[in-house]
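Here is how names work: the chains are called A, B, and so on, in the same order as the sequence lines, proteins then strands, and each is numbered from 1. Keep in mind the model is a prediction, meaning the values are calculated, not measured.
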Protein chains: 2
Amino acid sequence: MFNIQEIDADRLETAANMLKAIAHPVRIAILKHLEGGKKLTVTEIHELLGIEQSTTSHHLGILKDKGVLCSRREGKNTYYYLKHDILSQIVDCLQRCTCEE
Amino acid sequence: MFNIQEIDADRLETAANMLKAIAHPVRIAILKHLEGGKKLTVTEIHELLGIEQSTTSHHLGILKDKGVLCSRREGKNTYYYLKHDILSQIVDCLQRCTCEE
DNA sequence: ATCAAATATTCATATATTTGCATCTATAAA
DNA sequence: TTTATAGATGCAAATATATGAATATTTGAT
């Protein structure tokens, strides 16, 4: 037996975790680079953003773990890409909400 | 003088802060209650969600500080409401992305 | 002026997140 | 099978966030 409140609480947790995964300047930058179905390797992102390789990998891991990104290994490279293209909406929405005032 | 990278970094920070403000189960719950232009007082939210008054006030303060909510005092009450109705999109988008798998 | 209700703030504790070095693993090339 | 490249992971220090009890502030009513 389980009640509505718990389900709701679980979904709130999930939603919050997904959002928390995105809510970081580096990770938003990553998402912007992956918009439109693009696939990039860890090294490409690490060079593109000018941050440490391990830091990059950590961030990508968080995004993947929370269901924001997927990854596919191809030889020595691992390509990361958006799991739900819809998620670009969030970034877009933010951009609209943060350009004024 | 200032360069593109810095502006961009600032906007990323702002976006991340706004998203970080939202990325919390309690705060997502608050937003859901405020969808559609609704205005609620601190007490109403605190009772609705069954959390401490001071905790509620903290969360509302964060949402307001980061530009997600506005507030208007009316007598002894302070009403909180969404600053950008668009922000409901984020919650909706999340809901779509978290109901499957 | 006093009181009570609504909200905000301070403070402390507990917990989580970020970063990067060092290291480990996986794969491809020589 | 050795070596180089790409990526992941363990760990620790620094920093940030969450929560709630206690307290302060604001406002309206008496």
Side-chain angles (χ1 to χ4, degrees), chain A residues 9-10 12-31 33-34 38-83, chain B residues 9-10 12-31 33-34 38-83:
Chain A
D10 276 1
L12 281 177
E13 275 292 340
T14 307
N17 283 334
M18 187 173 258
L19 218 51
K20 226 185 294 181
I22 303 177
H24 185 288
V26 165
R27 297 196 294 261
I28 293 178
I30 291 175
L31 294 197
H33 282 290
L34 295 177
K38 256 170 285 177
K39 302 185 178 198
L40 294 175
T41 68
V42 181
T43 301
E44 284 171 328
I45 294 171
H46 130 67
E47 287 172 348
L48 222 45
L49 303 185
I51 57 179
E52 284 293 319
Q53 179 274 319
S54 88
T55 303
T56 309
S57 190
H58 277 132
H59 284 302
L60 289 169
I62 290 168
L63 287 168
K64 184 180 177 184
D65 184 52
K66 300 309 185 215
V68 180
L69 299 184
C70 288
S71 67
R72 168 204 296 264
R73 177 146 214 161
E74 272 177 40
K76 278 186 298 190
N77 299 306
T78 302
Y79 288 88
Y80 281 87
Y81 53 95
L82 285 179
K83 182 165 183 183
Chain B
D10 276 2
L12 282 176
E13 274 294 339
T14 307
N17 283 334
M18 187 173 257
L19 217 52
K20 227 184 293 181
I22 303 176
H24 186 289
V26 166
R27 297 196 293 260
I28 293 178
I30 291 175
L31 294 197
H33 282 292
L34 295 178
K38 256 170 286 177
K39 303 186 179 199
L40 295 175
T41 68
V42 180
T43 300
E44 284 170 329
I45 294 171
H46 131 69
E47 286 172 349
L48 222 44
L49 303 185
I51 57 179
E52 285 295 320
Q53 179 274 320
S54 88
T55 303
T56 309
S57 190
H58 280 312
H59 285 303
L60 290 170
I62 290 167
L63 287 168
K64 184 180 177 186
D65 184 50
K66 300 306 185 221
V68 180
L69 299 184
C70 289
S71 68
R72 169 205 296 265
R73 178 144 214 161
E74 273 176 38
K76 277 185 298 188
N77 300 305
T78 302
Y79 288 88
Y80 281 86
Y81 53 96
L82 285 179
K83 181 165 182 183

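A donor-acceptor contact shorter than 3.5 Å is absent between the side chain of A:Arg27 and the backbone of A:Leu63. Of the possible donor and acceptor atoms, one in the side chain of A:Thr14 sits under 3.5 Å from a partner among the backbone N and O of A:Asp10.
Between chain B and DNA chain C, the heavy-atom contact criterion of under 4.0 Å yields a 5' to 3' nucleotide range of C:dA5 to C:dT10.
For the pair B:Lys20 NZ and D:dT15 P, the interatomic distance rounds to 15 Å; values are reported in whole Å. Note: CG (B:Leu49) to P (D:dA18) measures 15 Å, nearest angstrom. Taking atom CD1 of residue B:Ile28 and atom P of nucleotide D:dA18, one finds them 12 Å apart after rounding to whole Å.
Residue B:Leu19 holds its CG atom at 5.5 Å from CD1 of A:Ile28, rounded to the nearest 0.5 Å. Atom-to-atom distance recorded for A:Ser57:OG and A:Glu52:CD is 12.0 Å, nearest 0.5 angstrom. Residue B:Cys70 holds its SG atom at 10.5 Å from OH of B:Tyr80, rounded to the nearest 0.5 Å. To the nearest 0.5 Å, atoms NE2 (A:His33) and CG (A:Leu48) are separated by 4.0 Å.
Here A:His24 does not reach the OP1 or OP2 of D:dT17: none of its side-chain N or O atoms lies under 4.0 Å away.
A heavy atom closer than 4.0 Å to some atom of DNA chain C occurs in A:Arg73, A:Gly75, A:Lys76, these being the qualifying members of residues 69-79 of chain A. Proximity of residues 50-65 of chain B to DNA chain D (heavy atom under 4.0 angstrom from any strand atom) is restricted to B:Glu52, B:Ser54, B:Thr55, B:His58, B:His59, B:Ile62.
Residues passing the side-chain hydrogen bond (donor to acceptor under 3.5 Å, both in side chains) test with B:Lys38, sequence neighbours excluded: none. Contacts of B:Thr41 classified as side-chain hydrogen bond (donor to acceptor under 3.5 Å, both in side chains), with partners at least two apart in sequence or in another chain: B:Glu44. Every residue was checked against the side-chain hydrogen bond (donor to acceptor under 3.5 Å, both in side chains) condition with A:Thr55, not counting sequence neighbours, and none meets it.
Considering only heavy atoms from C-beta on, B:Met18 comes within 4.5 Å of B:Val68 through its side chain.
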